[in-house]
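The structure under discussion appears below in the form of structure tokens.
On a predicted model such as this, the values are computed, not experimentally measured, just so you know. Residue numbers run from 1 in the order of the sequence given.
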Amino acid sequence: MYFCKNKHLIIMKKILFLTTVMSLAAICSAVAQDANQRTDARVKSPDGRVEVVVAAEPGKTTPCYTVTYDGKPFILESSLGLVANIGDFSTMMRVVGTDSKDVEKDYTMPQVKASHIHYKARQMDVKMRNREDREMVVTFLVSDNDVAFRYTIPRPKEDNPKCAVIQRETTSFRFPDGTTTFLCPQIGPMTGWERTKPSYEEDYRADVPMTEKSRFSLGYTFPCLFRLGNEGWALVSETGVSSAYCGSRLSDYDPQKGYTIAFPEQGEFNGIGSATPGISLPGSTPWRTITIGKTLQPIVETTIPYDVVEPLYEPTQPFNPGRYTWSWLIWQDNSINYDDQVQFIDLASEMGFEFCLVDNWWDKNIGRERIAELSRYAQSKGVRLMLWYNSNGYWNDAPQTPRDCMSTSYAREREMRWLKSIGAAGIKVDFFGSDKQETMRLYEDILADANRYGLQVVFHGCTIPRGWERMYPNYVASEAALASENVYFSQSHCDSEGFELTMHPFSRNAVGTLDWGGIIMNRRMSRDNKSRNYRRTSDTFEMASGIVIQTAVNCVAMQPNNLSELPQFELDFLRALPTTWDETRFIDGYPTRYAIIARRHGDTWYVGGLNGTKETMTLTLDLPMFAGQTVTYYTDRPAAKTDNAIPEAEVRTLKVDKKGRAKVTLQPMGGVILRN
């Protein structure tokens, strides 16, 4: 009996063991089954209207993401990932964990579209592993109308490798069928005048189907604006690009992939430097940004380029905003002499402007000793000089001097020490022509060195800023557009000025300050104001452009003759025009047709309106900031029916009703300004 009892116990133990094994097998099977199923990670904006879904489906080529707004697709299933020399993080990725948290911060930036910014978002970190079990983290920051995401590769536990080269990104952006585009094409390396391109100075095309190829078959420069039929708008760009990465762009559209991230061409920067960026580990890519909304309001008002970055150094002193005069736009190279520059210093002083920009060849035509003398004269008139420099170097053939003063650390050290000694306020550096990491390092080095000597910096012939206003406190603005100089060179650009300046508030200027280069008050593009190209825009248009186009150091491209030619009310307006804003609001507009933007400086609201078309527009504007008030109203009378006539400006008052509605008329290529 004892034997039988033990036998029974043995049998029971065997049954229990088999049951346990079977249960464990079932659990393992379930885990394996889950591992082979699609894994979704979701995050919503604080207001719940924007949702990002990240999916990693085993067997699928790449992980992907979608973006919806109010439940409607704005970004269809699009690829995530990158390929590095230490591993492929674009295929067969599996999600191994997610972390989420709330992000909220306040910061002050007087030189952009709003002086005080409150940023609130939801952050989601999606941890993935590739086939070699190497980890990559995709971080999403989702605010009420903005999505920003980037990739981070951690340092492995074994502490090597400590660096990586990012060979390509598989990041893509797929939009719904029927989406149209407002894009500027990328041009090839070492092209254009004196091999100075690419410099973001090509023509935009408006409302073009996605399927149409870019002009040079190299895709499109950031930012990229898309109209999703009647559903809304999306603006794609990037921010946080420093010396730690290259600048990127969008490829041509592919019906299967959509638009993908493209790196610089190897031939850029005269072939010097790699087209692929290198990072130290742990290391992150820049932020890819998507701003979406049912209207253009979120795009005009977005602060996402600054929200997700931090200052890289402290300013050595306060950097002052202001306005500057500039002889070169109309008087050109022949004006770079001592006597002509005195005229433009006197003009700045008479108008109460803070700066005068002395352009190329000053070292040859005026000389350093007399420039120091000119700077002393300017300061005696309450004006400070900004001086032009060639960035070169060895990266293009632009001949203008001073050359070789900004291209090396020791040359910058010598030059900037001298600039500080003569009391210069800042520098304008021109002719870069590349988005390579090597070029981004040059931008950063110029900015960091200039900060040590209390110099502000403007870039021309250059890339777009990518969060630089916050990252580099002495950075002022960039050109990176088909800018005002072309109005001097070609009548066709005079004819298209309205098209360009009603495009930029919704694209180029939406992501960074824009030195377009002039509120142009001469009617003709000549020193005598009687010959050469005709300006097509009204005086009110030009004055309103100082509100619509945002930059903290703004060019008022007046000429000395304007002091006696312009009506007093125009001179008074330009004397009082601010360049810093506490708040910005989109009122109305459509890219390349018209733009109505409101900006507040202290307690004063300015509403600027531009008509970029050849047709008269009558609009009823919603202006709650003026409800029930009688405001100053700058407008235009219809143009005379003669060749090359433009609308004539006038100023009067306008009563805004209690609901904040005001009816205004914009003449062809004309403008409006309302001010309380």
Side-chain angles (χ1 to χ4, degrees), residues 80-86 89-90 136 148-153 163-173 184-191 196-200 216 218-224 236-252 259-289 305 308-309 312 391 393-396 407 431-448 459 461-468 471-472 475 478 480 511-512:
L80 292 169
L82 54 82
V83 178
N85 65 341
I86 62 168
F89 298 91
S90 69
M136 178 182 74
F149 64 95
R150 70 177 181 183
Y151 307 104
T152 299
I153 301 177
C163 59
V165 173
I166 309 303
Q167 297 169 331
R168 60 186 174 91
E169 283 191 34
T170 54
T171 307
S172 70
F173 305 86
C184 183
Q186 171 80 353
I187 197 170
M190 306 301 290
T191 57
T196 56
K197 292 190 175 185
S199 52
Y200 289 65
F216 307 104
L218 289 172
Y220 304 96
T221 57
F222 284 134
C224 298
V236 177
S237 193
E238 67 179 358
T239 190
V241 179
S242 67
S243 62
Y245 214 78
C246 65
S248 303
R249 65 182 191 276
L250 289 189
S251 70
D252 270 320
Y259 298 90
T260 55
I261 291 290
F263 287 161
E265 297 293 298
Q266 182 55 49
E268 293 178 19
F269 217 53
N270 214 2
I272 306 301
S274 172
T276 53
I279 62 173
S280 178
L281 301 185
S284 301
T285 67
W287 295 95
R288 313 299 173 206
T289 64
V308 297
V309 301
L312 295 182
S391 76
Y394 45 74
W395 31 92
N396 56 59
S407 53
F431 302 131
F432 290 85
S434 173
D435 279 332
K436 284 181 175 179
Q437 187 172 7
E438 186 74 14
T439 321
M440 296 299 161
R441 182 178 293 108
L442 177 62
Y443 285 117
E444 183 173 277
D445 288 348
I446 291 171
L447 286 161
F459 292 122
C462 58
T463 192
I464 61 164
R466 293 162 163 90
W468 292 358
M471 295 162 64
Y472 308 108
Y475 168 78
S478 294
V511 301

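Counting all heavy atoms, side chain and backbone alike, Pro305 lies closest to Val511 at CG-O, 3.5 Å. When all heavy atoms of Ala148 and Thr289 are compared, the closest pair comes out as CB-CG2, 4.2 Å. Taking every heavy atom of both residues into account, Ala262 and Ser251 meet most closely at CB-N, 4.3 Å. Listed here is the closest heavy atom pair of Pro185 and Tyr220: CA-CD2, 3.9 Å. Scanning both residues, Glu268 and Lys436, for their nearest heavy atoms gives O-NZ, 2.9 Å. Listed here is the closest heavy atom pair of Ala275 and Pro264: CB-O, 3.3 Å.
A donor-acceptor pair shorter than 3.5 Å can be found between the side chains of Arg466 and Thr463. There is no side-chain donor-acceptor pair under 3.5 Å between Thr170 and Ser90.
Residues Leu82 and Met136 are in side-chain contact: their nearest non-hydrogen atoms beyond the backbone lie under 4.5 Å apart. Proximity of Asp435 to Arg249: side-chain heavy atoms (C-beta onward) are nowhere separated by under 4.5 Å. Taking 4.5 Å as the limit, some side-chain heavy atom of Glu444 sits within range of a side-chain heavy atom of Leu312. Between Pro277 and Phe263 there is a side-chain heavy-atom pair separated by less than 4.5 Å. In this structure, the side chains of Ile464 and Thr221 stay at 4.5 Å or more apart for every pair of heavy atoms.
Here the straight-line distance linking atom OG1 of Thr171 with atom CZ of Arg288 works out to 6.0 Å at 0.5 Å rounding. With values rounded to the nearest 0.5 angstrom, Ile166 atom CD1 is found 5.0 Å from Tyr245 atom OH. Here the straight-line distance linking atom OG1 of Thr439 with atom CZ of Phe269 works out to 4.0 Å at 0.5 Å rounding. The line from CG of Asn396 to CZ of Phe432 is 10.0 Å long, rounded to the nearest 0.5 Å. Rounding to the nearest 0.5 Å gives a distance of 11.0 Å between OG of Ser243 and CG of Leu442. Here the straight-line distance linking atom OG of Ser407 with atom CH2 of Trp395 works out to 5.0 Å at 0.5 Å rounding.
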Exercise. Evaluate the side chain to side chain contact (heavy atoms under 4.5 Å, CB included) criterion for residues Asn85 and Gln167: first the C-alpha distance (whole Å), next the side-chain angles of each, then the deciding distance (0.1 Å), finally the verdict.
Key: CA-CA 7 Å; Asn85 65 341; Gln167 297 169 331; 3.6 Å; yes
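Salt bridge annotation for Glu438-Arg441: present, with a cationic side-chain nitrogen under 4.0 angstrom from a carboxylate oxygen.
Between Trp468 and Phe459, the ring planes lie perpendicular to each other; the angle is over 60°, past the 30° to 60° tilted range. The aromatic rings of Phe149 and Phe173 sit tilted, their planes meeting at an angle between 30° and 60°.
With hydrogens and angles disregarded, a donor-acceptor distance shorter than 3.5 Å links the side chain of Gln266 to the backbone of Gly273. A donor-acceptor contact shorter than 3.5 Å is absent between the side chain of Ser237 and the backbone of Phe222.
Separation of the Phe89 and Tyr151 ring centroids does not fall under the 6.0 Å cut-off.
The neighbour count for Arg168 CZ, taken as heavy atoms of other residues, nucleotides or ligands under 6.0 Å away, does not exceed 12.
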